[in-house]
Amino acid sequence: MVALFQSVGRVGFELLDRLEPAVNELFAAQRIRVSGLRGDWRVLNPVVRIERVDLPAGFVADVEVELDAVRTIMWSRPVARRLRVGDLDLALEKPVVGSWRLAGFAGGGGGGLKPLDFLLDSEQLEVTGNLAFYREGSPLAGLRLVYLGINRGGEHRHRLDVWNTGEDCASPCELRLDYHSKDGLWPLRMEQQRILASAANFTLPQAWIAISALRISDLELSWRQDKEVSGGQVRLAAEQFGLPPGTALSTELQGAIRGKADLHQGSISSWQVRRGAEIWELPVVALRGDGELVQGWMEGLDLGIAAEFMEGALSGIEPAARWLQGLNLSAQAHNLRGYIRLPSGEFGYSATVDDVSIDPFHGVPRIRNGGGELLGHLRGAQISLNAQDMALQFPGLFAEGWRLPYAQGILSAWFRPGYIGLRGQNMRVELNGTRAAGSFSLSRPADRLNELLALLISADGMSVDNAKGLASYRLPRGLRDWIATGPS
(Lines give C-alpha, C1' and ligand atoms only; values in the text may rest on other atoms or scores of the structure.)
Protein backbone atom coordinates (compact mmCIF):
# COMPACT_ATOMS: atom_id res chain seq x y z
CA MET A 1 0.00 0.00 0.00
CA VAL A 2 2.80 2.40 0.90
CA ALA A 3 4.59 1.65 -2.35
CA LEU A 4 1.37 2.15 -4.34
CA PHE A 5 0.68 5.43 -2.54
CA GLN A 6 4.21 6.63 -3.27
CA SER A 7 4.10 5.63 -6.92
CA VAL A 8 0.69 7.13 -7.67
CA GLY A 9 1.48 10.25 -5.62
CA ARG A 10 4.78 10.95 -7.36
CA VAL A 11 3.28 10.56 -10.82
CA GLY A 12 0.20 12.61 -9.93
CA PHE A 13 2.13 15.51 -8.42
CA GLU A 14 4.55 15.61 -11.35
CA LEU A 15 1.52 16.34 -13.55
CA LEU A 16 -0.04 18.87 -11.14
CA ASP A 17 0.81 21.86 -13.36
CA ARG A 18 -1.46 20.45 -16.07
CA LEU A 19 -4.42 20.73 -13.69
CA GLU A 20 -4.07 24.52 -13.35
CA PRO A 21 -6.78 25.33 -15.99
CA ALA A 22 -9.20 22.89 -14.33
CA VAL A 23 -8.51 24.41 -10.88
CA ASN A 24 -9.16 27.92 -12.18
CA GLU A 25 -12.36 26.80 -13.85
CA LEU A 26 -13.49 25.21 -10.58
CA PHE A 27 -12.97 28.44 -8.60
CA ALA A 28 -14.00 30.91 -11.30
CA ALA A 29 -17.36 31.61 -9.62
CA GLN A 30 -15.52 32.69 -6.44
CA ARG A 31 -13.21 34.98 -8.51
CA ILE A 32 -10.13 33.03 -7.47
CA ARG A 33 -7.28 32.51 -9.93
CA VAL A 34 -4.23 30.30 -9.41
CA SER A 35 -0.95 30.95 -11.26
CA GLY A 36 2.19 28.82 -11.34
CA LEU A 37 0.79 25.62 -9.83
CA ARG A 38 3.47 22.92 -9.52
CA GLY A 39 3.85 19.64 -7.66
CA ASP A 40 6.80 17.73 -6.22
CA TRP A 41 7.60 14.85 -3.89
CA ARG A 42 10.04 14.94 -0.97
CA VAL A 43 10.81 11.52 0.58
CA LEU A 44 7.30 10.42 1.71
CA ASN A 45 5.66 13.84 1.52
CA PRO A 46 3.77 15.56 -1.30
CA VAL A 47 4.79 19.18 -2.00
CA VAL A 48 2.66 21.89 -3.63
CA ARG A 49 4.09 25.18 -4.91
CA ILE A 50 2.01 28.13 -6.13
CA GLU A 51 3.43 31.33 -7.53
CA ARG A 52 0.31 33.36 -6.84
CA VAL A 53 -3.35 33.07 -5.84
CA ASP A 54 -5.48 36.11 -6.73
CA LEU A 55 -8.55 36.61 -4.52
CA PRO A 56 -11.52 39.01 -4.81
CA ALA A 57 -9.73 41.40 -2.42
CA GLY A 58 -6.05 40.55 -2.26
CA PHE A 59 -3.54 37.86 -3.14
CA VAL A 60 -1.27 35.17 -1.69
CA ALA A 61 2.10 34.63 -3.37
CA ASP A 62 5.18 32.41 -3.24
CA VAL A 63 3.45 29.53 -1.46
CA GLU A 64 5.06 26.20 -0.64
CA VAL A 65 3.28 23.47 1.32
CA GLU A 66 4.89 20.15 2.22
CA LEU A 67 2.32 17.84 3.78
CA ASP A 68 3.49 15.43 6.50
CA ALA A 69 1.87 12.35 4.97
CA VAL A 70 2.43 9.97 7.90
CA ARG A 71 1.04 12.23 10.64
CA THR A 72 -1.78 13.47 8.42
CA ILE A 73 -2.95 9.88 7.93
CA MET A 74 -2.38 8.90 11.60
CA TRP A 75 -4.18 11.94 13.08
CA SER A 76 -6.85 12.31 10.36
CA ARG A 77 -6.21 16.04 10.01
CA PRO A 78 -3.85 18.17 7.89
CA VAL A 79 -0.32 18.45 9.30
CA ALA A 80 2.37 20.34 7.40
CA ARG A 81 6.03 19.42 7.36
CA ARG A 82 6.62 22.91 6.07
CA LEU A 83 4.41 25.83 5.09
CA ARG A 84 5.83 29.03 3.66
CA VAL A 85 3.94 32.08 2.38
CA GLY A 86 6.42 34.57 0.94
CA ASP A 87 3.92 37.40 0.58
CA LEU A 88 0.23 38.08 1.04
CA ASP A 89 -2.09 41.03 0.94
CA LEU A 90 -5.53 40.30 2.37
CA ALA A 91 -8.56 42.42 3.24
CA LEU A 92 -10.71 41.42 6.22
CA GLU A 93 -14.18 42.92 6.55
CA LYS A 94 -16.78 43.11 9.31
CA PRO A 95 -20.30 43.14 7.87
CA VAL A 96 -23.29 44.65 9.67
CA VAL A 97 -24.35 41.15 10.72
CA GLY A 98 -21.84 38.35 11.24
CA SER A 99 -18.19 37.88 12.15
CA TRP A 100 -14.95 38.88 10.44
CA ARG A 101 -14.32 37.30 7.04
CA LEU A 102 -12.15 37.64 3.95
CA ALA A 103 -13.48 40.47 1.84
CA GLY A 104 -15.38 39.26 -1.18
CA PHE A 105 -16.54 36.01 0.40
CA ALA A 106 -20.04 35.47 1.73
CA GLY A 107 -19.17 33.05 4.52
CA GLY A 108 -16.36 31.90 6.76
CA GLY A 109 -15.74 28.26 5.84
CA GLY A 110 -12.48 26.67 6.91
CA GLY A 111 -13.11 23.13 5.72
CA GLY A 112 -12.98 21.68 9.24
CA LEU A 113 -9.38 22.83 9.76
CA LYS A 114 -8.60 23.63 13.40
CA PRO A 115 -6.11 26.55 13.26
CA LEU A 116 -4.58 26.04 16.71
CA ASP A 117 -3.95 22.32 16.13
CA PHE A 118 -2.44 23.09 12.74
CA LEU A 119 -0.10 25.73 14.23
CA LEU A 120 1.10 23.49 17.07
CA ASP A 121 1.42 20.26 15.05
CA SER A 122 3.04 21.48 11.82
CA GLU A 123 6.84 21.42 11.98
CA GLN A 124 7.77 24.71 10.34
CA LEU A 125 5.57 27.70 9.42
CA GLU A 126 6.58 31.01 7.82
CA VAL A 127 4.17 33.76 6.77
CA THR A 128 4.92 37.33 5.65
CA GLY A 129 2.39 39.84 4.40
CA ASN A 130 -0.12 42.65 4.90
CA LEU A 131 -3.62 42.76 6.38
CA ALA A 132 -6.20 45.50 5.91
CA PHE A 133 -9.32 45.79 8.08
CA TYR A 134 -12.68 47.17 6.89
CA ARG A 135 -15.95 47.70 8.69
CA GLU A 136 -19.05 48.01 6.50
CA GLY A 137 -16.83 49.04 3.60
CA SER A 138 -14.86 51.73 5.46
CA PRO A 139 -11.10 51.18 6.03
CA LEU A 140 -10.01 50.90 9.66
CA ALA A 141 -6.33 49.99 9.74
CA GLY A 142 -3.46 48.26 7.96
CA LEU A 143 -0.84 45.91 9.42
CA ARG A 144 2.39 44.29 8.26
CA LEU A 145 3.20 40.93 9.85
CA VAL A 146 5.97 38.33 9.97
CA TYR A 147 5.22 34.99 11.62
CA LEU A 148 7.55 32.07 12.31
CA GLY A 149 6.59 28.83 14.05
CA ILE A 150 8.70 25.74 14.78
CA ASN A 151 7.42 22.57 16.49
CA ARG A 152 10.02 19.87 17.05
CA GLY A 153 10.78 17.30 19.71
CA GLY A 154 7.89 18.31 21.93
CA GLU A 155 8.91 21.98 21.92
CA HIS A 156 6.90 24.78 20.33
CA ARG A 157 8.41 28.17 19.47
CA HIS A 158 6.34 30.86 17.79
CA ARG A 159 7.04 34.51 17.11
CA LEU A 160 4.73 37.12 15.61
CA ASP A 161 5.96 40.60 14.70
CA VAL A 162 3.33 43.15 13.68
CA TRP A 163 3.83 46.72 12.45
CA ASN A 164 1.34 49.49 11.80
CA THR A 165 1.24 50.83 8.29
CA GLY A 166 0.21 54.35 7.44
CA GLU A 167 1.46 57.91 7.62
CA ASP A 168 0.60 58.36 11.32
CA CYS A 169 3.05 55.66 12.42
CA ALA A 170 5.80 56.96 14.73
CA SER A 171 8.60 54.39 14.30
CA PRO A 172 8.93 51.61 15.38
CA CYS A 173 5.10 51.01 15.63
CA GLU A 174 5.78 47.37 16.51
CA LEU A 175 4.13 44.63 18.54
CA ARG A 176 6.03 41.39 19.24
CA LEU A 177 4.59 38.19 20.68
CA ASP A 178 6.78 35.21 21.67
CA TYR A 179 5.40 31.82 22.68
CA HIS A 180 7.53 28.90 23.90
CA SER A 181 6.16 25.70 25.37
CA LYS A 182 7.29 22.15 26.15
CA ASP A 183 5.02 19.14 26.20
CA GLY A 184 5.11 17.18 29.45
CA LEU A 185 7.20 13.98 29.32
CA TRP A 186 7.21 12.31 32.72
CA PRO A 187 9.62 11.83 34.43
CA LEU A 188 12.03 13.79 32.21
CA ARG A 189 10.27 17.15 32.10
CA MET A 190 7.07 18.88 33.15
CA GLU A 191 4.71 20.81 30.91
CA GLN A 192 5.84 24.42 30.54
CA GLN A 193 4.67 27.58 28.78
CA ARG A 194 6.27 31.00 28.36
CA ILE A 195 4.65 34.07 26.80
CA LEU A 196 6.42 37.37 26.23
CA ALA A 197 4.90 40.46 24.67
CA SER A 198 6.38 43.87 23.98
CA ALA A 199 5.25 46.92 22.04
CA ALA A 200 6.38 50.43 21.25
CA ASN A 201 4.13 53.07 19.67
CA PHE A 202 1.86 50.34 18.33
CA THR A 203 -1.77 51.20 17.59
CA LEU A 204 -4.28 48.45 18.23
CA PRO A 205 -6.73 48.72 15.36
CA GLN A 206 -10.32 49.54 16.21
CA ALA A 207 -11.10 46.25 14.50
CA TRP A 208 -9.56 44.41 17.49
CA ILE A 209 -11.22 46.30 20.35
CA ALA A 210 -14.65 47.70 21.14
CA ILE A 211 -13.50 51.32 21.57
CA SER A 212 -11.61 53.41 19.05
CA ALA A 213 -7.95 52.78 18.24
CA LEU A 214 -5.63 52.44 21.26
CA ARG A 215 -1.98 53.38 20.95
CA ILE A 216 0.36 51.36 23.17
CA SER A 217 3.40 53.55 23.73
CA ASP A 218 5.12 50.93 25.91
CA LEU A 219 4.32 47.31 26.84
CA GLU A 220 6.31 44.67 28.68
CA LEU A 221 4.40 41.49 29.53
CA SER A 222 5.67 38.12 30.71
CA TRP A 223 3.77 34.96 31.61
CA ARG A 224 5.07 31.60 32.82
CA GLN A 225 3.33 28.33 33.58
CA ASP A 226 4.98 25.23 35.02
CA LYS A 227 2.43 22.45 35.04
CA GLU A 228 -0.38 23.90 37.24
CA VAL A 229 1.55 26.82 38.75
CA SER A 230 1.56 30.07 36.76
CA GLY A 231 2.29 33.76 37.11
CA GLY A 232 3.24 36.90 35.28
CA GLN A 233 3.59 40.66 35.33
CA VAL A 234 2.79 43.56 33.05
CA ARG A 235 3.80 47.18 32.56
CA LEU A 236 1.62 49.17 30.18
CA ALA A 237 1.49 52.74 28.96
CA ALA A 238 -1.29 53.52 26.51
CA GLU A 239 -2.30 56.85 25.05
CA GLN A 240 -4.56 58.69 22.68
CA PHE A 241 -7.47 56.34 22.76
CA GLY A 242 -10.45 58.36 21.67
CA LEU A 243 -13.82 58.34 23.33
CA PRO A 244 -16.10 59.71 20.60
CA PRO A 245 -16.13 62.29 19.30
CA GLY A 246 -12.45 62.74 20.04
CA THR A 247 -11.86 62.99 23.79
CA ALA A 248 -8.34 61.66 24.43
CA LEU A 249 -7.05 59.86 27.53
CA SER A 250 -3.87 58.04 28.47
CA THR A 251 -3.08 55.50 31.17
CA GLU A 252 -0.11 53.86 32.88
CA LEU A 253 -0.30 50.76 35.03
CA GLN A 254 1.78 47.98 36.54
CA GLY A 255 0.51 44.68 37.86
CA ALA A 256 1.34 41.08 38.67
CA ILE A 257 -0.61 37.85 39.05
CA ARG A 258 0.03 34.35 40.42
CA GLY A 259 -2.08 31.24 40.26
CA LYS A 260 -2.56 27.51 40.36
CA ALA A 261 -4.75 25.60 37.93
CA ASP A 262 -7.69 27.89 37.02
CA LEU A 263 -7.51 30.12 40.12
CA HIS A 264 -5.40 33.29 39.90
CA GLN A 265 -4.80 36.19 42.26
CA GLY A 266 -2.89 39.40 41.73
CA SER A 267 -3.02 43.17 41.87
CA ILE A 268 -2.66 46.36 39.88
CA SER A 269 -0.09 48.04 42.10
CA SER A 270 0.12 51.33 40.21
CA TRP A 271 -2.52 52.91 37.98
CA GLN A 272 -2.80 56.43 36.59
CA VAL A 273 -5.27 57.88 34.10
CA ARG A 274 -4.40 61.19 32.45
CA ARG A 275 -6.32 63.82 30.54
CA GLY A 276 -3.86 66.43 29.41
CA ALA A 277 -2.17 67.74 32.57
CA GLU A 278 -4.95 66.32 34.79
CA ILE A 279 -4.06 63.06 36.58
CA TRP A 280 -6.38 60.61 38.33
CA GLU A 281 -4.39 58.31 40.63
CA LEU A 282 -6.31 55.13 41.42
CA PRO A 283 -5.69 53.05 44.54
CA VAL A 284 -4.30 49.51 44.49
CA VAL A 285 -6.69 47.04 42.87
CA ALA A 286 -6.68 43.42 44.07
CA LEU A 287 -7.71 40.84 41.45
CA ARG A 288 -8.99 37.29 41.51
CA GLY A 289 -10.11 35.11 38.59
CA ASP A 290 -11.12 31.54 37.89
CA GLY A 291 -11.48 31.54 34.10
CA GLU A 292 -15.16 32.49 34.08
CA LEU A 293 -15.35 35.22 36.72
CA VAL A 294 -12.87 38.07 37.24
CA GLN A 295 -13.26 39.98 40.52
CA GLY A 296 -11.64 43.18 41.73
CA TRP A 297 -11.40 44.95 45.11
CA MET A 298 -10.31 48.41 46.25
CA GLU A 299 -10.06 49.62 49.84
CA GLY A 300 -11.48 53.05 49.11
CA LEU A 301 -12.18 55.61 46.40
CA ASP A 302 -13.13 59.28 46.38
CA LEU A 303 -16.15 59.24 44.06
CA GLY A 304 -16.21 63.02 43.84
CA ILE A 305 -12.71 63.13 42.33
CA ALA A 306 -13.62 60.24 40.02
CA ALA A 307 -16.82 61.95 38.84
CA GLU A 308 -15.05 65.27 38.28
CA PHE A 309 -12.33 63.60 36.21
CA MET A 310 -14.81 61.56 34.16
CA GLU A 311 -16.98 64.63 33.53
CA GLY A 312 -14.06 66.22 31.70
CA ALA A 313 -12.93 62.96 30.10
CA LEU A 314 -16.40 62.27 28.71
CA SER A 315 -17.09 65.84 27.65
CA GLY A 316 -17.48 64.66 24.06
CA ILE A 317 -20.20 62.17 25.03
CA GLU A 318 -23.04 64.57 25.74
CA PRO A 319 -25.46 62.38 27.78
CA ALA A 320 -22.78 61.05 30.15
CA ALA A 321 -21.16 64.45 30.66
CA ARG A 322 -24.56 66.11 31.18
CA TRP A 323 -25.54 63.62 33.91
CA LEU A 324 -22.19 63.87 35.69
CA GLN A 325 -22.35 67.65 35.65
CA GLY A 326 -26.01 67.74 36.68
CA LEU A 327 -25.66 65.33 39.60
CA ASN A 328 -22.45 66.95 40.89
CA LEU A 329 -21.69 63.79 42.86
CA SER A 330 -19.55 63.85 45.97
CA ALA A 331 -19.07 60.75 48.13
CA GLN A 332 -16.59 58.41 49.75
CA ALA A 333 -16.68 54.71 48.80
CA HIS A 334 -15.17 51.95 50.93
CA ASN A 335 -14.62 48.26 50.32
CA LEU A 336 -15.37 48.46 46.61
CA ARG A 337 -15.94 45.16 44.85
CA GLY A 338 -16.68 44.44 41.22
CA TYR A 339 -16.85 41.53 38.83
CA ILE A 340 -16.91 40.75 35.12
CA ARG A 341 -18.28 37.45 33.87
CA LEU A 342 -16.61 35.99 30.80
CA PRO A 343 -17.26 35.80 27.95
CA SER A 344 -20.64 37.58 28.22
CA GLY A 345 -19.16 40.80 29.68
CA GLU A 346 -21.84 40.96 32.40
CA PHE A 347 -20.61 43.07 35.32
CA GLY A 348 -21.68 44.28 38.74
CA TYR A 349 -20.32 46.22 41.72
CA SER A 350 -20.86 46.91 45.42
CA ALA A 351 -19.50 49.35 47.99
CA THR A 352 -20.17 51.07 51.29
CA VAL A 353 -20.70 54.79 50.67
CA ASP A 354 -20.96 57.77 53.01
CA ASP A 355 -20.93 61.57 52.83
CA VAL A 356 -23.08 61.28 49.71
CA SER A 357 -24.00 64.61 48.11
CA ILE A 358 -26.11 64.75 44.93
CA ASP A 359 -27.73 67.73 43.28
CA PRO A 360 -31.29 67.37 41.89
CA PHE A 361 -31.30 66.40 38.23
CA HIS A 362 -33.92 64.80 35.95
CA GLY A 363 -36.01 63.38 38.77
CA VAL A 364 -33.11 62.44 41.05
CA PRO A 365 -33.65 64.16 44.43
CA ARG A 366 -31.21 66.44 46.21
CA ILE A 367 -29.33 64.46 48.84
CA ARG A 368 -26.88 65.68 51.44
CA ASN A 369 -24.98 63.54 53.97
CA GLY A 370 -26.42 60.27 52.64
CA GLY A 371 -24.86 56.86 53.07
CA GLY A 372 -25.43 53.11 52.92
CA GLU A 373 -24.59 49.90 51.06
CA LEU A 374 -24.53 50.20 47.26
CA LEU A 375 -25.13 47.42 44.71
CA GLY A 376 -25.36 47.90 40.97
CA HIS A 377 -25.04 46.64 37.40
CA LEU A 378 -25.26 48.06 33.87
CA ARG A 379 -28.92 49.15 34.01
CA GLY A 380 -29.66 49.54 37.69
CA ALA A 381 -28.44 50.26 41.21
CA GLN A 382 -29.68 49.77 44.75
CA ILE A 383 -28.60 51.36 48.00
CA SER A 384 -29.53 50.17 51.48
CA LEU A 385 -29.87 53.59 53.06
CA ASN A 386 -28.64 54.16 56.60
CA ALA A 387 -27.97 57.84 57.16
CA GLN A 388 -28.20 60.46 59.89
CA ASP A 389 -28.87 64.18 59.54
CA MET A 390 -29.62 63.75 55.83
CA ALA A 391 -31.15 66.48 53.66
CA LEU A 392 -33.59 65.34 50.94
CA GLN A 393 -35.48 67.34 48.31
CA PHE A 394 -37.47 66.68 45.13
CA PRO A 395 -37.33 70.20 43.60
CA GLY A 396 -39.38 69.15 40.60
CA LEU A 397 -42.27 68.15 42.89
CA PHE A 398 -41.98 69.97 46.23
CA ALA A 399 -41.13 73.57 46.98
CA GLU A 400 -39.24 72.73 50.16
CA GLY A 401 -36.72 70.11 51.20
CA TRP A 402 -36.63 68.07 54.39
CA ARG A 403 -33.97 67.62 57.04
CA LEU A 404 -34.09 64.02 58.28
CA PRO A 405 -32.40 63.25 61.65
CA TYR A 406 -32.23 59.66 60.45
CA ALA A 407 -33.28 57.74 57.33
CA GLN A 408 -33.36 54.04 56.60
CA GLY A 409 -34.68 51.96 53.72
CA ILE A 410 -33.90 50.54 50.30
CA LEU A 411 -33.60 52.85 47.29
CA SER A 412 -33.58 51.25 43.82
CA ALA A 413 -32.99 52.85 40.45
CA TRP A 414 -33.44 51.61 36.90
CA PHE A 415 -32.19 53.53 33.91
CA ARG A 416 -31.98 53.32 30.17
CA PRO A 417 -31.73 55.99 27.45
CA GLY A 418 -34.62 58.43 27.97
CA TYR A 419 -35.94 56.83 31.17
CA ILE A 420 -35.18 56.65 34.87
CA GLY A 421 -37.21 54.94 37.57
CA LEU A 422 -36.79 55.29 41.35
CA ARG A 423 -38.35 53.21 44.11
CA GLY A 424 -38.07 53.48 47.87
CA GLN A 425 -39.07 50.49 50.00
CA ASN A 426 -39.34 50.00 53.76
CA MET A 427 -38.44 53.64 54.29
CA ARG A 428 -38.23 54.88 57.87
CA VAL A 429 -37.48 58.51 58.53
CA GLU A 430 -37.88 61.18 61.19
CA LEU A 431 -39.19 64.55 60.03
CA ASN A 432 -39.94 67.53 62.30
CA GLY A 433 -40.32 65.25 65.32
CA THR A 434 -42.59 62.83 63.48
CA ARG A 435 -41.59 59.25 62.74
CA ALA A 436 -42.85 58.04 59.39
CA ALA A 437 -42.65 54.85 57.37
CA GLY A 438 -43.69 53.98 53.85
CA SER A 439 -42.71 53.63 50.22
CA PHE A 440 -42.53 55.73 47.09
CA SER A 441 -41.97 55.26 43.37
CA LEU A 442 -41.08 57.72 40.65
CA SER A 443 -41.22 57.02 36.92
CA ARG A 444 -39.66 59.63 34.65
CA PRO A 445 -39.80 58.89 30.89
CA ALA A 446 -38.56 61.23 28.19
CA ASP A 447 -42.03 62.81 27.97
CA ARG A 448 -42.33 64.84 31.18
CA LEU A 449 -46.15 64.82 30.87
CA ASN A 450 -46.06 61.07 31.64
CA GLU A 451 -43.99 61.45 34.81
CA LEU A 452 -45.63 59.59 37.71
CA LEU A 453 -45.11 59.72 41.48
CA ALA A 454 -46.70 57.43 44.06
CA LEU A 455 -46.40 57.90 47.85
CA LEU A 456 -47.58 55.57 50.60
CA ILE A 457 -46.75 57.04 54.01
CA SER A 458 -47.90 56.36 57.55
CA ALA A 459 -46.89 58.54 60.47
CA ASP A 460 -47.29 58.37 64.26
CA GLY A 461 -48.48 61.95 64.38
CA MET A 462 -47.93 65.13 62.42
CA SER A 463 -49.16 68.68 62.66
CA VAL A 464 -51.40 69.98 59.88
CA ASP A 465 -48.85 72.63 58.95
CA ASN A 466 -46.11 69.99 58.53
CA ALA A 467 -48.47 67.76 56.56
CA LYS A 468 -49.20 70.58 54.15
CA GLY A 469 -45.51 70.57 53.22
CA LEU A 470 -45.98 67.09 51.75
CA ALA A 471 -48.40 68.38 49.10
CA SER A 472 -46.69 68.76 45.74
CA TYR A 473 -46.89 72.16 44.05
CA ARG A 474 -47.69 70.27 40.85
CA LEU A 475 -51.14 69.35 42.14
CA PRO A 476 -54.03 71.17 40.45
CA ARG A 477 -54.21 74.79 41.63
CA GLY A 478 -57.65 74.46 43.16
CA LEU A 479 -56.57 71.45 45.25
CA ARG A 480 -53.40 73.22 46.37
CA ASP A 481 -55.42 76.29 47.48
CA TRP A 482 -57.86 74.09 49.40
CA ILE A 483 -54.98 72.30 51.21
CA ALA A 484 -53.30 75.60 52.03
CA THR A 485 -56.41 77.39 53.36
CA GLY A 486 -58.83 74.64 54.31
CA PRO A 487 -57.47 72.18 56.94
CA SER A 488 -56.23 73.61 60.20
Side-chain angles (χ1 to χ4, degrees), residues 1-92 101-132 144-153 156-161:
M1 288 295 295
V2 175
L4 179 62
F5 172 75
Q6 288 281 306
S7 300
V8 174
R10 288 176 184 274
V11 173
F13 272 74
E14 286 291 337
L15 302 175
L16 194 60
D17 58 324
R18 301 185 183 182
L19 297 178
E20 184 176 310
V23 172
N24 285 326
E25 184 178 352
L26 180 64
F27 291 107
Q30 287 79 37
R31 295 181 295 162
I32 298 175
R33 181 173 180 79
V34 177
S35 305
L37 176 63
R38 290 178 292 129
D40 198 357
W41 204 269
R42 187 174 294 153
V43 190
L44 297 175
N45 301 329
V47 180
V48 178
R49 297 184 179 90
I50 305 174
E51 291 182 5
R52 184 181 174 101
V53 179
D54 289 294
L55 304 171
F59 68 87
V60 181
D62 193 13
V63 180
E64 179 179 331
V65 183
E66 178 183 346
L67 197 66
D68 190 319
V70 174
R71 289 195 291 174
T72 296
I73 294 172
M74 288 176 56
W75 295 348
S76 300
R77 63 173 184 265
V79 179
R81 173 71 172 78
R82 184 174 186 233
L83 168 64
R84 181 174 64 84
V85 178
D87 192 18
L88 61 81
D89 196 318
L90 299 177
L92 301 175
R101 66 191 185 192
L102 281 173
F105 292 91
L113 177 67
K114 297 180 179 179
L116 184 59
D117 289 342
F118 185 80
L119 291 177
L120 295 179
D121 292 338
S122 300
E123 189 163 324
Q124 184 173 337
L125 305 164
E126 301 175 54
V127 179
T128 301
N130 298 303
L131 297 177
R144 176 75 176 172
L145 64 88
V146 174
Y147 166 74
L148 175 62
I150 298 176
N151 305 287
R152 290 175 184 163
H156 311 274
R157 295 180 181 271
H158 298 260
R159 169 172 288 183
L160 175 65
D161 290 286

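No hydrogens, no waters, no symmetry mates; every other heavy atom, side chains included, goes into these values. Keep in mind that what you see is a predicted model, and the values were worked out from it rather than measured.
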For [X] and [Y], work out which heavy atoms get closest and say how close.
| X | Y | answer |
| --- | --- | --- |
| L125 | F118 | CD2-CE2, 4.0 Å |
| N24 | V34 | OD1-N, 2.6 Å |
| A69 | N45 | N-OD1, 3.1 Å |
| L148 | E126 | CD1-CG, 3.6 Å |
| Q30 | P56 | O-CG, 3.4 Å |

With sequence neighbours excluded, what pairs up with [X] under the side chain to side chain contact (heavy atoms under 4.5 Å, CB included) test?
| X | result |
| --- | --- |
| L120 | L116, N151, H156, H158, Y179 |
| V65 | V63, L83 |
| L67 | P46, T72 |

Could you grab the distance from atom [atom1] of [X] to atom [atom2] of [Y], nearest 0.5 Å is fine?
| X | Y | atom1 | atom2 | result |
| --- | --- | --- | --- | --- |
| E66 | R81 | CD | CZ | 5.5 Å |
| D121 | R71 | CG | CZ | 6.5 Å |
| D161 | Y147 | CG | OH | 12.0 Å |
| T128 | L145 | OG1 | CG | 7.5 Å |

[X] vs [Y] side-chain heavy atoms within contact, under 4.5 Å:
| X | Y | value |
| --- | --- | --- |
| L131 | L88 | yes |
| D40 | R38 | no |
| L37 | V48 | yes |
| V53 | F27 | no |

Using the test salt bridge (charged side-chain N to carboxylate O under 4.0 Å, His left out), find all partners of [X] that sit at least two apart in sequence or belong to another chain.
| X | answer |
| --- | --- |
| D87 | R144 |
| D54 | R52 |
| R157 | E155 |

- Can R84 and Q124 be counted as having a side-chain donor-acceptor contact under 3.5 angstrom?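 No donor-acceptor contact under 3.5 Å links the two side chains.
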- Derivation of the salt bridge (Lys or Arg N to Asp or Glu O under 4.0 Å) call for E123 and R82: CA-CA 6 Å; E123 189 163 324; R82 184 174 186 233; over 6 Å; no
